[in-house]
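Notes to accompany the following structure.
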Amino acid sequence: MKNTVHQIFTLVKKDLVLELRQQYAFYGVLLYIISTVFVINLMMGKPDDKLWNALFWVIQLFVAVNAIAKSFMQENRGRLLYFYSLVSPRAFIAAKLIYNVILMMLMSLIALVCSFMFLGNPLTNTFYFVGIVLLGGTSLSLLFTVLAAIAAQANHNAALMAVMGFPLMMPMLMLLANVSLSAFVTVYQPGLPKMFFLLGGMDILIIALTMVLFPFLWKD
């Protein structure tokens with residue numbers, strides 16, 4: 001157990017060091033976020049509450065695709081074989097999940113700040129919305145990490161990731177958009193605890209399935 005934790009910590013540190021050295025992906029996603037919200041501002045000005053919420057989660061979706069999908073693209077077959085001989089598959093995928101959650105939380109906060117700057121702040125409960133954004137960023141990063149891992153084993157087939165991701169991504173995005181709507185109003189929204197429970201349940205299910213299935217996937 002201690003050895004597995006050490007392997008996870010080392011792999012997360014490796015990904016962080018690589019990201020700090022290269023920075024291409026980070027600045028690429030950062031440019032995407034700023035340019036997107038700026039263009040929306042030029043075309044629509046300050047959107048109303050529902051449209052603001054919908055646009056923000058669409059931006060989050062594309063940020064997740066751009067930031068997380070490349071996590072396995074940079075690992076070629078030789079490097080994966082090298083890691084396979086050194087660490088356990090569960091430690092490898094756990095490190096990827098943790099690193100991508102950290103990256104997506106950072107990108108989510110940057111997207112939120114840019115949205116406030118260019119599209120205004122229509123929220124009545126900002127801190128509550130920040131919590132939902134971090135939870136949503138975590139959910140999206142977990143989902144796209146698993147999809148990227150599967151696509152990487154299919155010769156980095158991006159189409160496979162899109163096809164598998166669509167039916168899984170839609171209910172998650174709808175849940176996030178509905179939950180976050182309560183940050184725009186002061187009245188209590190019925191069914192809110194149930195939606196949080198569903199969202200948390202989906203995250204736990206994704207992690208559990210990843211830990212069970214990834215060792216077989218990586219072995220192939």
Side-chain angles (χ1 to χ4, degrees), residues 16 19-20 23-71 97-145 147-148 161-162 165-166 168-189 191-193 195-196 198-200 202-203 206:
L16 286 172
E19 190 65 49
L20 289 174
Q23 298 184 346
Y24 298 118
F26 176 80
Y27 285 116
V29 176
L30 186 61
L31 178 64
Y32 168 79
I33 293 171
I34 294 173
S35 58
T36 303
V37 292
F38 182 67
V39 169
I40 292 173
N41 175 264
L42 289 179
M43 296 178 69
M44 307 180 63
K46 311 282 186 187
D48 60 30
D49 296 356
K50 285 188 176 179
L51 188 56
W52 192 100
N53 188 45
L55 289 172
F56 178 79
W57 287 110
V58 170
I59 293 170
Q60 282 286 88
L61 171 63
F62 285 99
V63 168
V65 171
N66 284 293
I68 308 300
K70 56 100 186 149
S71 61
L97 290 171
I98 293 170
Y99 168 75
N100 285 335
V101 165
I102 295 171
L103 180 65
M104 191 58 201
M105 280 187 173
L106 177 63
M107 292 297 178
S108 299
L109 291 175
I110 292 173
L112 186 60
V113 171
C114 290
S115 298
F116 286 160
M117 288 173 61
F118 291 100
L119 305 179
N121 181 6
L123 302 169
T124 56
N125 194 339
T126 303
F127 290 107
Y128 172 73
F129 190 79
V130 170
I132 296 172
V133 167
L134 294 178
L135 178 63
T138 302
S139 301
L140 289 172
S141 67
L142 292 175
L143 174 61
F144 280 99
T145 302
L147 294 175
M161 185 173 164
F166 184 76
L168 299 172
M169 169 190 65
M170 289 304 292
M172 184 175 287
L173 271 182
M174 289 177 67
L175 271 175
L176 287 169
N178 287 328
V179 166
S180 59
L181 276 178
S182 55
F184 294 82
V185 295
T186 53
V187 296
Y188 175 73
Q189 184 178 358
L192 200 58
M195 286 191 277
F196 274 111
L198 284 173
L199 204 55
M202 287 178 72
D203 289 348
I206 290 172

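All values reported here derive from a predicted model rather than from experimental measurement.
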Could you grab the distance from atom [atom1] of [X] to atom [atom2] of [Y], nearest 0.5 Å is fine?
| X | Y | atom1 | atom2 | result |
| --- | --- | --- | --- | --- |
| Met107 | Ser141 | CE | OG | 12.0 Å |
| Ile59 | Cys114 | CD1 | SG | 9.0 Å |
| Met172 | Leu142 | CE | CG | 7.5 Å |
| Leu112 | Ile33 | CG | CD1 | 10.5 Å |
| Ile110 | Leu30 | CD1 | CG | 5.5 Å |
| Leu143 | Leu97 | CG | CG | 11.0 Å |

Check: [X] side chain, [Y] main-chain N or O, donor-acceptor pair, under 3.5 Å:
| X | Y | answer |
| --- | --- | --- |
| Ser115 | Gly120 | no |
| Asn178 | Met174 | yes |
| Asn41 | Phe118 | yes |

Return yes when atom [atom1] of [X] has more than 12 non-hydrogen atoms of other residues, nucleotides or ligands closer than 6.0 Å, and no otherwise.
| X | atom1 | result |
| --- | --- | --- |
| Phe196 | CZ | yes |
| Phe116 | CZ | yes |
| Lys46 | NZ | yes |

Subject >> Met169 and Leu147: CA distance, side-chain angles, deciding distance, side-chain contact (heavy atoms from CB on, under 4.5 Å) verdict >> reply: CA-CA 11 Å; Met169 169 190 65; Leu147 294 175; over 6 Å; no
Original post:
What are the two closest non-hydrogen atoms of Pro122 and Asp49, and how far apart are they?
Top reply: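 Here Pro122 and Asp49 meet closest at CB-OD1, 3.3 Å.
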Subject >> Shortest non-hydrogen separation from Trp57 to Ser180 and the atoms involved >> reply: NE1-OG, 3.0 Å
If the condition is ring pair (Phe, Tyr, Trp, His ring centres under 6.0 Å), which residues does [X] pass it with, not counting sequence neighbours?
| X | answer |
| --- | --- |
| Phe56 | Trp52, Phe129 |
| Tyr32 | none |
| Tyr128 | none |

Decide yes or no for [X] and [Y]: does some side-chain heavy atom of the first lie under 4.5 Å from some side-chain heavy atom of the second?
| X | Y | result |
| --- | --- | --- |
| Met44 | Leu51 | yes |
| Leu119 | Pro47 | yes |
| Leu61 | Phe144 | yes |

Subject >> Residues Val101, Met105; criterion side-chain contact (heavy atoms from CB on, under 4.5 Å); working and verdict >> reply: CA-CA 6 Å; Val101 165; Met105 280 187 173; 4.1 Å; yes
Subject >> From Leu140, Val133, Leu135, residue fulfilling side chain to side chain contact (heavy atoms under 4.5 Å, CB included) relative to Ser108 >> reply: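 When Leu140, Val133, Leu135 are each tested with Ser108, the side chain to side chain contact (heavy atoms under 4.5 Å, CB included) holds only for Val133.
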**OP:** Could you check Leu109 against Val130 for side-chain contact (heavy atoms from CB on, under 4.5 Å), going step by step and ending with a plain yes or no?
**Re:** CA-CA 8 Å; Leu109 291 175; Val130 170; 4.1 Å; yes
**OP:** I would like to know whether Thr138 and Met104 meet side-chain contact (heavy atoms from CB on, under 4.5 Å); could you show each step before the answer?
**Re:** CA-CA 7 Å; Thr138 302; Met104 191 58 201; over 6 Å; no
